[in-house]
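For reference, the structure is listed below as structure tokens.
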Protein chains: 2
Amino acid sequence: MTTPAPPPDQTLAFQAHDHSHCCGDLIARAQVIAGERGARLTPVRRRVLEILLEHHRALGAYEVLERLGQDGFGNQPPVAYRALDFLVEQGLAHRVARLNAFIACTHPGQDHSPAFLICRNCQAVAEAPGGGIHAAVETAASLLGFAVERTIIEALGLCPACQEAVE
Amino acid sequence: MTTPAPPPDQTLAFQAHDHSHCCGDLIARAQVIAGERGARLTPVRRRVLEILLEHHRALGAYEVLERLGQDGFGNQPPVAYRALDFLVEQGLAHRVARLNAFIACTHPGQDHSPAFLICRNCQAVAEAPGGGIHAAVETAASLLGFAVERTIIEALGLCPACQEAVE
DNA sequence: CCCTTGACTGTTACTGTATAACATAATTTA
DNA sequence: TAAATTATGTTATACAGTAACAGTCAAGGG
Ligand SMILES: [Zn+2]
Ligand SMILES: [Zn+2]
Ligand SMILES: [Zn+2]
Ligand SMILES: [Zn+2]
């Protein structure tokens, strides 16, 4: 039997897909991206990325930390925060401000500032392209004379699957 | 280059203005709005709103709490959080996710979900109308089949005054 | 090959943010 | 006034994030 055609990568978090393939692929790409940037994807860092990749949802630093401890890594907060900070700096993960939590990036290597779509029912988080939104923020800000350097865009609501499940 | 001057109330946080008048006005309107909604603006709640109104910047719950204690109110976290939650529910204050902090609303009573413009130099926070931005978020989300219920838009950068002060 | 250097990991200890749970007091409603 | 509701005060604890320092590991130069 053949696996279904891979969905457009933008709907990844909201669709059934071959997730082990999706993870494996992203880990491999992370390895390459880190190499290109002269950064080292060490065992802890790699494991943290794997943990984040297990679900398409955001995990708190302490959730990650607990898993690390179980795997024999250090189990004190700085261990998790340092690895998470590294992944965010390298563009391999994102921080979701609303949740005080972290999520693996699904489009690494494409320097971007996405909009996060957070499902309030199943907690899945997807990245939507932020281009048009940034332009709108620019417009609104320039009317007040404000110079935007970075924007945070997070939408709460229901993902496609949960719109049917919840009414 | 200069942008045309926007209506005064939108630049409130970023311009010199008669702030005691601005506070007094907002407190009075809060009283009315709460009344209309059948909510009680009790002494603690009112005091918290006054504290938030003192500056056009976001305050952490514990900053608010310290002030409350000095004024003879309870000085344990739930006292502050409950009052802050009330103000947010009633649309009299907003939570700024990026800062884990709260700010008095400058346009209460006009059910809205603004974009926050956060100055990284002077910490002032202004509310910009979110209309066009929400439309852009809607568009991006609907492409993924996501139903948006609420959006968080926060821009970091420099306010007009600080653009001159900082280079 | 050994030594120096810098980067990474581990640990302690601490600050800051937020909530659960329960007791008490005030207000509304019956 | 009594009961129900809403609000406040307090204790205790969970969750989020950082500073500082000690040990470890992986180059790179002699
Ligand atoms: Zn997947
Ligand atoms: Zn991404
Ligand atoms: Zn003012
Ligand atoms: Zn507002």
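A note on names: the letters A, B, ... follow the listed sequences, proteins ahead of strands, and every chain is numbered from 1.
Distance CD (B/Glu89) to C1' (D/dT6): 13 Å, rounded to an integer number of Å. A straight line from CZ of B/Phe73 to C1' of D/dT10 spans 17 Å, rounded to a whole angstrom. Atom CG of B/Asn75 and atom P of D/dT10 are 7 Å apart (whole Å). The CG atom of B/Leu41 sits 10 Å away from the P atom of D/dT8 (whole-angstrom rounding). Per the geometry, CZ belonging to B/Phe86 stands 18 Å off P belonging to C/dT19, to the nearest Å. One interatomic measurement links the two molecules: CZ of B/Arg98 to P of C/dG16, which rounds to 18 Å at whole-angstrom precision.
At a threshold of 4.5 Å between non-hydrogen side-chain atoms, the residues B/Asn121 and B/Cys159 do not count as touching. At least one side-chain heavy atom of B/Arg46 sits under 4.5 Å from a side-chain heavy atom of B/Glu50. Using a 4.5 Å heavy-atom cutoff, the side chains of B/Arg120 and B/Leu158 are in contact. Residues A/Leu41 and A/Ile33 fail the side-chain proximity criterion, which asks for heavy atoms closer than 4.5 Å. When side chains are defined from C-beta on, A/His112 counts as touching A/His94, because their heavy atoms get closer than 4.5 Å. Between B/Val96 and B/Glu154 the shortest side-chain heavy-atom distance falls below 4.5 Å. By the 4.5 Å heavy-atom criterion applied to side chains, B/Leu68 and B/Ile51 are counted as neighbours.
To the nearest 0.5 Å, atoms CD1 (A/Ile118) and CZ (B/Phe146) are separated by 7.5 Å.
Under a 3.5 Å cut-off, the side chain of B/Gln163 and the backbone N or O of A/Gly145 do form a donor-acceptor pair.
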Which protein N or O atoms sit under 3.5 Å from an N or O of nucleotides 16-19 of chain D?
from: D/dA16; atom 1: N7; to: A/Tyr62; atom 2: OH; distance (Å): 3.3
from: D/dG17; atom 1: OP1; to: A/Arg95; atom 2: NH2; distance (Å): 2.1
from: D/dG17; atom 1: OP1; to: A/Asn100; atom 2: ND2; distance (Å): 3.4
from: D/dG17; atom 1: OP2; to: A/Tyr81; atom 2: OH; distance (Å): 3.0
from: D/dG17; atom 1: O5'; to: A/Tyr81; atom 2: OH; distance (Å): 3.4
from: D/dG17; atom 1: N7; to: A/Tyr62; atom 2: OH; distance (Å): 3.0
from: D/dG17; atom 1: O6; to: A/Tyr62; atom 2: OH; distance (Å): 3.4

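Around CZ of B/Arg98, the count of heavy atoms belonging to other residues, nucleotides or ligands within 6.0 Å does not exceed 12. The 12-atom threshold is not exceeded at CD of A/Glu66, counting heavy atoms of other residues, nucleotides or ligands nearer than 6.0 Å.
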Checklist outcome for this item: Counting primed atoms, P, OP1 and OP2 as sugar-phosphate and everything else as base, the B/S/- map of nucleotides 22-30 of chain C against protein heavy atoms under 4.0 Å is -----S---
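Residues from residues 44-54 of chain A with heavy atoms under 4.0 angstrom of DNA chain C, sorted by number: A/Val44, A/Arg45.
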